[in-house]
Amino acid sequence: MLPNSKLAKAVRFALITGAATAALSAPAVYAASDEESVERIQVTGSRIKRTDMETATPVTVMSADDMAKQGFTNIQDALESLTSTTSAMTTQSVHGFTPAASSISLRGAGANRTLTLIDGKRLNQYPKPAGGTDNFVDTANLPMEAVQRIEILQSGGSAIYGADAVGGVINIILKKDFEGVALKYRHGDTTEGGGGSDRVALSIGSSSDRGNVSSFLEFTTNEQLKATDRENFGLHTDKVPHSEFSQYSSYGARISGGSGAKALTAEECTAGGWFWDSARSICGFDRSQWRDLEPESSRFISSTNFNYELADDITFVGRLDFAEAKSETLIEPMAINDYRVNVSGDTLTVTGRDLSKTFDNKATAMGGDFANAEDGDYMYIRRLHEFGNRTTETKTRNYFFTAGLQGVVFDEYDWDASVNYGRTNVDVFRGGYATVGGMFDYITAGENGNSLLKNMTAADVEEASYTPFEKSQSTQKNVQANIGGTAFEMPAGDALFAFGAEYTKQDYQTESDSESAKGNILSTGGSSGAGERSYWATYAELSLPVLDTLTVDAALRYDRYSDFGGNLSPQIAVEYRPLDELLVRGSVTSVFRAPDMHRVYGDATAGFSTVIDFKQCQALGGTPGQTHPDPRINEICNELHIDSTTGANKDLEAETGYTANIGAVWGGDSLNASFDLWEWKLDDMVSDISASKAAREYEQYEDMITRDADGTITHVNAVAQNLSFQKVRGIDLTAGYGWDLNEYGELKLNFNGTYILLSEFQLSPTDPVEDDIDNGGLPQYRANLVLGYFIEDFEATLGAYHTARMHGMQYKSFKEAGGEDFDESAHEVASQTKWNLTAGYNISDDIRVKAGVVNLFDAGPNFDPTATSWPHYQRSVYNARGREWFIEGEVKF
């Protein structure tokens with residue numbers, strides 16, 4: 001059928017009219033017209049196929065070859081290296097709710113506002129929210145070997161992709177037409193020990209005249225990295241010389257409260273298995289001796305792509321993914337302060353939560369610990385080392401399936417339709433725990449009970465032990481259909497369009513065992529809840545070549561949520577090309593985002609936090625973060641263990657705002673460069689206040705704090721809330737240059753940098769505007785410089801990855817307390833540069849070897865002088881793996 005037939009024109013008119021009135025659009029268009037001299041491609045950030053990778057919105061492309069040359073082991077490592085990544089959640093977070101998952105945050109928007117796609121398809125959310133609050137996509141189980149490239153939209157894309165694309169979009173493009181068999185093996189290890197890894201990857205593909213099937217299998221094992229493996233970084237012990245705030249845990253074995261209760265001697269303390277802290281003369285504990293820095297883990301990942309040409313203009317396409325991961329984290333034994341003892345005359349009463357028992361003779365009760373105690377309230381402070389490490393075994397299973405049709409109608413309209421299904425199951429089993437009632441029964445057993453200053457027997461431990469578990473699941477069902485092509489002809493060229501519609505249904509549930517659900521497990525929290533949400537969307541995009549040098553793009557998306565109503569999100573983008581080598585670009589997009597499901601439907605998340613009680617510390621004459629000879633004051637000023645709750649809020653409002661960028665791109669024969677100024681703002685941004693922040697800024701958050709009769713914090717309740725606004729502004733710079741050295745090979749140099757000009761927020765219209773950069777914990781800029789050398793079958797790559805100096809995480813509090821004598825530089829985290837060096841050689845067309853050193857000069861995490869607790873560095877920015885080496889071989893058959 002001829003492209004300009006009356007029928008085609010009629011269809012074109014109907015489609016464009018429908019797009020304008022219904023705001024329909026398409027997530028992908030695949031085939032170019034046979035009459036096109038230049039093949040059109042789809043670039044992340046637009047649904048329209050184009051002839052140029054550079055568009056009005058900035059996109060960074062990382063090919064599989066680029067990632068391999070820079071020595072990255074997995075996708076998470078590659079994403080963390082992006083200069084636009086402001087923080088990352090990794091498997092270092094062994095104390096959190098998601099120790100087996102990973103994610104990144106682009107532009108400071110948060111992992112829950114960074115959209116992750118595979119081939120343009122949405123991925124299922126992890127069923128256990130980060131921090132017990134934020135839903136996110138787990139990047140730990142994405143297939144490395146199946147990746148062709150990763151496209152990162154470094155600007156908001158809500159009008160194109162929907163609500164989650166505030167900070168940016170990560171689109172992982174998989175290999176589609178692999179043929180043959182390839183086997184790859186990689187072994188890596190660290191020079192200081194611990195954290196070794198092995199990865200085996202098998203790629204199989206077969207093609208016919210009509211289609212292709214490609215399967216990619218990976219199996220990876222990671223060795224445990226213990227804190228004691230990093231003595232060179234000072235992580236092997238709680239008390240380290242580089243941090244004046246570091247000290248051993250005061251939770252060893254002692255009794256706090258009034259006077260006269262028994263206190264262990266140094267000899268009794270060490271004989272009991274605890275640690276004698278001579279500086280404070282208390283029986284404490286060295287937690288680092290028991291801690292992981294990264295867990296032992298294993299992962300199996302498989303991805304199968306298939307496509308088959310059913311007819312000349314119709315192709316059946318699909319993908320089937322399965323991933324299973326298992327990890328086990330270890331942390332120090334339980335620390336408890338849950339049991340209070342009241343002495344009144346000769347009687348002694350023990351209470352724990354809602355349990356109580358009275359003994360008539362204080363001289364014989366509890367092993368005589370209170371025989372000489374004066375009347376008053378006391379509390380056991382105890383590390384239950386007899387229970388061993390607290391362990392968390394996490395098993396994750398991911399399933400994803402997509403199937404659909406794509407083709408061309410009337411020789412000029414690309415279309416596709418697909419159904420997509422994803423499911424994630426997470427099972428968590430914990431060890432080393434006891435119930436509140438089980439320990440109470442032990443303490444109060446018999447006529448006189450038992451002393452907690454003495455070790456428990458193995459039989460007693462077994463009797464009181466409990467194994468908590470949690471089962472979580474999330475699913476996502478999606479149907480979408482799209483079409484695109486030439487809308488109409490203009491003097492400067494064809495106007496292009498894309499439009500379509502989608503429907504998505506999401507649900508999640510997480511359930512704990514009965515005792516955990518009741519909050520009856522010592523020293524652990526829990527996050528439970530269940531919810532369901534559906535939404536449909538229509539979206540449209542139109543690209544208008546107004547002049548030969550000027551193109552204007554317009555996009556419109558309407559989202560309708562089952563629980564938060566509907567919203568229209570427009571986008572306007574401009575591309576101006578005054579020279580063939582120069583592109584000037586800009587865009588602005590409206591944002592609408594419904595709150596995370598767990599923020600709305602989750603049960604209250606119970607947790608445990610260690611805080612400094614700034615108010616009480618100062619009232620008692622102490623100095624926050626400074627050692628005090630009185631154990632109780634020292635605890636309040638350094639290591640107060642409290643309960644915390646992060647609750648859901650069904651009255652939350654949707655977030656609204658905008659994202660914008662303006663910049664220029666130069667593309668020459670040897671030099672390529674770009675400059676982009678970007679900004680995003682969200683009104684009514686959903687967030688919560690951490691327990692440590694509430695305790696630190698107690699005047700502002702006193703309504704969240706519960707204190708005991710003495711005025712000491714016992715609980716912080718942080719309910720999700722809508723902030724007044726959050727705004728972030730920054731600059732991106734890229735530059736690349738190549739040198740042809742003739743018979744001596746080729747050199748390529750690439751630079752990427754991100755500088756944050758502003759990051760601020762306001763809790764309510766009457767509160768002051770807070771400066772994130774000044775408050776601390778946010779590096780203002782990051783920059784990468786990568787040099788590649790290529791000659792015949794040999795290549796080498798040297799990469800430098802720089803993170804700027806920044807204020808410490810608690811800089812604001814120290815600044816407010818420091819007065820005129822405050823030394824800014826003494827409360828900053830030093831800058832860091834890591835170097836990676838890799839080299840590869842093609843022995844033949846079918847055999848390739850590679851080796852490299854990651855973190856060539858063994859740079860450790862830069863310690864934060866304001867961090868008052870282990871490990872004294874920001875785990876979302878740094879890691880403690882140190883120098884790593886690897887060897888890799890690949891054979892193709």
Side-chain angles (χ1 to χ4, degrees), residues 1-20 22 24-53 55 117 119-121 148 160 171 173-177 207-214 305-319 402-420 478-490 493-502 538-545 551 553 555:
M1 184 173 292
L2 294 176
N4 294 321
S5 68
K6 292 182 179 180
L7 178 58
K9 288 182 177 180
V11 172
R12 179 187 302 162
F13 177 79
L15 291 175
I16 302 307
T17 304
L24 298 173
S25 83
V29 280
Y30 295 90
S33 170
D34 293 338
E35 298 180 4
E36 290 287 344
S37 59
V38 180
E39 181 184 2
R40 294 186 184 275
I41 56 174
Q42 186 187 4
V43 181
T44 300
S46 173
R47 305 210 184 250
I48 296 176
K49 271 196 169 184
R50 304 162 187 271
T51 59
D52 200 314
M53 278 293 292
T55 64
L117 310 169
D119 288 336
K121 301 292 194 301
Q148 179 176 325
I160 306 296
N171 191 9
I173 310 299
L174 302 183
K175 300 171 184 175
K176 302 297 191 301
D177 297 305
S207 297
S208 69
D209 292 339
R210 303 186 71 87
N212 173 271
V213 177
S214 305
N305 297 304
F306 49 89
N307 57 80
Y308 187 78
E309 188 177 320
L310 300 175
D312 290 343
D313 292 330
I314 299 178
T315 301
F316 176 61
V317 296
R319 189 177 88 246
T402 177
L405 298 173
Q406 64 183 40
V408 180
V409 293
F410 310 121
D411 294 335
E412 58 177 319
Y413 300 113
D414 304 304
W415 64 273
D416 75 275
S418 64
V419 294
N420 312 283
N478 171 269
V479 180
Q480 57 187 39
N482 316 275
I483 191 167
T486 300
F488 48 84
E489 296 174 358
M490 298 180 66
D494 290 339
L496 304 175
F497 79 96
F499 72 88
E502 68 174 308
T538 59
Y539 31 79
E541 190 177 358
L542 187 63
S543 180
L544 301 171
T551 301
D553 290 359

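Sequential numbering from 1 along the given sequence is applied to the chain's residues. Values in this document were obtained by computation on a predicted structure and should not be read as measured data.
- The heavy-atom pair separating S543 from D553 by the smallest distance is OG-OD1, 2.8 Å.
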Under the criterion side-chain contact (heavy atoms from CB on, under 4.5 Å), I'd like the reasoning laid out for W415 against I314: C-alpha separation, chi angles, the key distance, then a yes or no. CA-CA 9 Å; W415 64 273; I314 299 178; 4.2 Å; yes
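- One distance of note links CD of E502 with OG1 of T538; it measures 10.0 Å at 0.5 Å rounding.
- Atom CD of residue Q480 and atom CG of residue D416 lie 6.5 Å apart, to the nearest 0.5 angstrom.
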Apply the test side-chain contact (heavy atoms from CB on, under 4.5 Å) to residues I173 and D119: give CA-CA distance (whole Å), side-chain angles for both, the deciding distance (0.1 Å), then the verdict. CA-CA 5 Å; I173 310 299; D119 288 336; 3.8 Å; yes
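- In this structure, F497 has its ring center at least 6.0 angstrom away from the ring center of F488.
- Of all non-hydrogen atoms in P545 and A495, the two that sit nearest each other are CD-CA, 3.8 Å.
- Atom CG of D312 sits about 10.5 Å away from atom CG of D411, to the nearest 0.5 Å.
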For L405 and L310: C-alpha separation, side-chain torsions, deciding distance, then whether side-chain contact (heavy atoms from CB on, under 4.5 Å) applies. CA-CA 9 Å; L405 298 173; L310 300 175; 3.8 Å; yes
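- Between T486 and Y413, the shortest heavy-atom contact is O-CE2, 3.6 Å.
- The shortest non-hydrogen separation linking R319 to L174 is CD-CD1, 3.3 Å.
- S214 contributes atom OG, which lies 3.5 Å from atom CG of N212 (distance to the nearest 0.5 angstrom).
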I would like to know whether N478 and T402 meet side-chain contact (heavy atoms from CB on, under 4.5 Å); could you show each step before the answer? CA-CA 9 Å; N478 171 269; T402 177; over 6 Å; no
